[in-house]
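Report on the structure given below.
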Amino acid sequence: MQRDKFYQEIENRTHPNEKLIKTHCSYCGMQCGMHLRVNTATNKIIGVEPRYDWPVTAGKMCPKGVTAYQQTNHKDRLLKPLIRDDASLKGTKKGFREASWDEAYDVIAKNFKQQQEKYGKDSLAVFSGVSMTNEKCYLTGKFARVALGTRYIDYNGRFCMSSAAGGFLRSFGVDRGSTLPWTDIHETDCLFIAGSNTAECHPTSMFRIWNVQERGGYIIVVDPRETPIARRADLHLDLKPGTDLALANGITNLLIQNGYADEDFIKKHTNGFEETKELVKEFTLAYTSEVTGVNQEKIIRAAEIYGKSPNAVVMFARGIEQQHKGVDNVSAYTNMALITGKIGRPKSGVATFTGQGNGQGGREHGQKSDLLPGYRKITNPKHVEEVCHVWGIKQEEMPGPGVSAYEMFELMDQKVIRGLYLLCSNPAVSAPNLNFVRQAMKKLDFMVCSDFYLSESAEFADVVLPAVTWAEDEGTVTNLEGRIIKINKAQEPLGDSKPDWQMQVELAERLGKGKYFSHLKTAKAVAEEFRLASKGGNADYFGATWDKIDRQDGVFWPCKDENDQGTPHMFLDKKFYHPDGRAKICALPYRPPAEEPDDAYPLRLTTGRVVYHYLSGNQTRRIEFLRDMCPEPFVEVHPQTAKIYNIAHEEEVRLFTRRGEGKFKVKITEAIRKDTVFVPYHFGHDESINLLTIAALDPISRMPEFKACAAQMEKL
Amino acid sequence: MKKRLYIELENCIGCRSCLAACTQCGGHEERNRNYVYDVNPLVNRQTMPLMCLHCVNPACARSCPAQAIQVHETGAVLSALVEKCIGCQNCTIACPYGIPKFDTEQNLMYKCDLCIDRTKDGIPPMCASVCPTNTLQWLTDEEIANRKKQFNMDNGKWISSMPYLEGETNVKVNLPGILQGITKLF
């Protein structure tokens, strides 16, 4: 496989009475290679050792990665199933008692059956996540449709990467998060990075990114905040939150006007150029600057650098995706690559920084309300037939499409959904408009939560099932490049905990659906069925056997058969996945954020992440080192804004929107716009900034607008 | 070939992975031994690591009345020997960079030993192994010389590094400003 200049031949240090297990981190889409140190006497995980020979990250790890191993034998681990008999205690940690697996399964099966008999199959919903292996994600989709027979299944990628998926599908006809491998990143001449706090959220990309500048290349960063990467960038476009679409259209207009369009590429390989050219004319420099708040000179310079670069990569993340026009933002920034022909060759392309560990693989194989394995559509009869064949069910038994993650909470509120099976997710922290979401969860007749800690969401459950951490199971994950990699088991499950796939098989048997599940006795068995189910789909994993993944340092999908080595670079043949083989340049009219500042709420509130925490913080807030570094949320305020509000560094303010409020400590910094305040979202209960955020959904991806809403604050 | 710790201050993003990894070498009692500072906390997000520079003539060792601080043959200035350290804290005062830490409960000084269990066999220390930005690197003298050449900023305004700070050190440091010396591709 690729060995670039960062690859180092270094022998690992193995201590006496220890062995090293080769695996990857449990957290973000980088999926950094690591070794877990296991004590050979106790067979317990005791530490971490770098994996210098992993081609993507060369042994590097962020502080979350270094301390990830501390999750497995943590004192907060759930070791037995928990049952709560007193439903009035829902929404608290109280009232749980330990139970056997038999009792827990009996309670679940009885409640699921009774409820579905009384209110219909679709009264039960599955809410899942993508911080788990492809095998688990695949089986969760099958479990919902075959064992429960419900149409309502969706997952937390709707709060994370679904806009990238929607944008890529529209622009390219296929959704692979990166069109090129990460080992190309440092060799390009210009990185155009929009809405990504890369240094904090994907730190192990940074050694490649800095290297672009060391070679004389350029980094352009688009962000309302001067993040660590923006601080050193050649150009920082400090736009108002929620105005990306105008900026992308404005830059596209300049690229066309100034002769950077690749007419030959446009003519041969794309559709939609003329409409787009017409539409972006409206985005003059003056208009773009006025809408976005970015200085005109900077916009000119950004278009010039990107246009002139022999090779360039357009990259983005949640900043542009978590808007109610996230899909349009993705397609609009992708337009820059399509119009200049900087795609479909090494060192040039488009990539999203996938947030969750398996954000890529987990969205491809049937956890999404409208998708089946292999990126098949549940509304396409041919696709349904192919999957029914693998699952051994009749086509009429396949439930129809459901609704998106946030909309499931609306249905809970309306009592359409009455029961919930929640796994690998913590929506009581990560969903927007939390006052509404939490009361909707409280309304459920029956809720099961599977997790390895008692998360804020588990506090709403009747039954909590103890899952394993990533290091106590094996399977595959697809990283942010689209590279399928292998997670290995380092330790036996702690206490009575079990992997989710095993729970689903055993529960399916209790529900009388054993004949579809009982053959799945190991993670490997699930993997074999899953590869077959993906065969022939756009996201074809059939050729990605565990053996090949090990031999090749991962396999990039699509990988169709035994002889196929996979596809590190997409579109090298300039063939896109739309039926006519052309990519779509999209003409996208601008829409402002759903809620603009006004007299009562004059500030723009944007939310995001810090380097020490992952997603809802359910894991990282329990790790001592990470908690010490960032124990609580804070609100970042520009000193001039702070002066107007008469607040000082570390004083407390009440921050509020039309939906909710919270108390936050002020962090004064010049590294933010004066009209904007920022709060990280990793915290639970009263500390959740999502009590304040708005549930304005993107019409295509159904992604909520976490990144922009109107707020006000007052000194306490 | 002998390698050294090399610090490229411009690259630091303040993730403190070096501190988290410091607890992981197997010989550090899971306590971290170095520092990362916010340079301009109310202004921007600039940060910098402050690592032990492993002085050729270390003030900490010279100031130790009990000779508890030994210098390894690789040049690494080791942590205090438990059986010798008398807890006087002279070293914490003597060190020009404020590196040695003090455990009041154990009455014992502890400091970076450059992961001597690793570096004596040519394996990079934990901090340089994990550093996601290449702020901390483990390089040969030739590689360090090449980097100094690459970032030659002899323009009267910027300097990339001084021969040494307080005294000669085994760890080499490149000061912020490296990008000033880069010729752009276009």
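Reminder, nothing fancy here: chain letters follow the sequence lines and each chain counts from 1. These numbers come from the heavy atoms of this one structure, side chains and all, not from hydrogens, waters or symmetry mates.
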Quick check: do B:Trp138 and A:Gln8 have side-chain heavy atoms less than 4.5 Å from each other? no

I want to check something: taking the side chain as every heavy atom from C-beta on, are A:Phe625 and B:Leu19 in contact at a cut-off of under 4.5 Å? yes

Of A:His638, A:Lys667, A:Arg37, A:Arg208, the largest count of non-hydrogen pairs under 4.5 angstrom with chain B goes to A:Arg37

Top contributor to chain B contacts, counting heavy-atom pairs under 4.5 Å, from A:Thr67, A:Ile229, A:Val48, A:Asp234: A:Val48

Would a distance-only check, ignoring hydrogens and angles, find a side-chain to backbone donor-acceptor pair under 3.5 Å from A:Lys60 to B:Cys131? yes

Verdict with reasoning, A:Glu670 to B:Leu42, per side-chain contact (heavy atoms from CB on, under 4.5 Å): CA-CA 7 Å; A:Glu670 288 176 21; B:Leu42 302 181; over 6 Å; no

Please tell me if the side chains of B:Asp121 and A:Arg13 come closer than 4.5 Å, counting only heavy atoms from C-beta onward. yes

Please rank A:Glu200, A:Met629, A:Lys64, A:Glu49 by heavy-atom pairs under 4.5 Å with chain B and give me the top one. A:Glu49

Taking the side chain as C-beta and beyond, is there a heavy-atom pair between B:Ile182 and A:Gln213 under 4.5 Å? no

Enter the distance from B:Leu179:CG to A:Ile219:CD1 here, rounded to the nearest 0.5 Å. 8.5 Å

Test item: B:Arg45 side-chain N/O and A:Arg231 main-chain N/O as donor-acceptor pair under 3.5 Å: no

What is the minimum heavy-atom distance between A:Cys62 and B:Pro132, and which atoms define it? CA-CG, 4.2 Å

Flag side-chain contact, heavy atom, 4.5 Å: B:Ile13 against A:Met206: yes

Relative to chain A, which segment of B:Thr183 carries a heavy atom at a distance below 4.5 Å: side chain, backbone, both, or neither? backbone

Compare every heavy atom of A:Asp189 with every heavy atom of B:Phe186, then report the nearest pair and how far apart it is. CE2-CB, 4.2 Å

I'd like to know whether NZ of B:Lys120 has more than 12 heavy-atom contacts from other residues, nucleotides or ligands below 6.0 angstrom. yes

Highest number of heavy-atom pairs under 4.5 Å with chain B: which of A:Met34, A:Arg215, A:Met61? A:Met61

A:Ile668 versus chain B, the contacting section by heavy-atom distance below 4.5 Å: both

Find the distance between CD1 (A:Ile672) and CG (B:Asn44) and round it off to the nearest 0.5 Å. 14.0 Å

Looking at A:Phe207, is its backbone amide N or carbonyl O close enough to the side chain of B:Thr133 to form a donor-acceptor pair, meaning the two atoms are under 3.5 Å apart? no

Engaged part of A:Glu9 at the chain B interface, taking heavy atoms whose separation is under 4.5 Å: neither

For atom CG of B:Asn40, is the number of surrounding heavy atoms from other residues, nucleotides or ligands below 6.0 Å larger than 12? yes

Flag side-chain contact, heavy atom, 4.5 Å: B:Arg147 against A:Glu214: yes

Part of B:Pro124 lying under 4.5 Å from any heavy atom of chain A: both

Check the pair A:Tyr52 / B:Ile123 against side-chain contact (heavy atoms from CB on, under 4.5 Å), numbers first and verdict last. CA-CA 11 Å; A:Tyr52 298 106; B:Ile123 305 172; 4.1 Å; yes

Decide side-chain contact (heavy atoms from CB on, under 4.5 Å) for B:Arg16 and A:Tyr612; before the verdict, give the C-alpha distance in whole Å, the side-chain angles of both, and the deciding distance to 0.1 Å. CA-CA 9 Å; B:Arg16 293 167 173 83; A:Tyr612 306 110; 3.0 Å; yes

Looking at A:Tyr218 and B:Leu185, would you say the former's side chain and the latter's main chain have a donor-acceptor pair under 3.5 Å? no

Chain B: which of A:Pro310, A:Pro639, A:Ala230, A:Gly217 shares the most heavy-atom pairs with it under 4.5 Å? A:Gly217

Portion of B:Cys15 that has a non-hydrogen atom of chain A nearer than 4.5 angstrom: both

Evaluate whether atom CD of B:Gln67 has more than 12 neighbouring non-hydrogen atoms of other residues, nucleotides or ligands under 6.0 angstrom away. no

If I compare all heavy atoms of A:Pro50 with all of B:Val130, which pair ends up nearest, and what's the gap? CG-CG1, 4.5 Å

Hey, is CD on B:Glu83 packed in by over 12 heavy atoms from elsewhere, all under 6.0 Å? yes

Part of A:Ser309 within contact of chain B (heavy atom distance under 4.5 Å): both

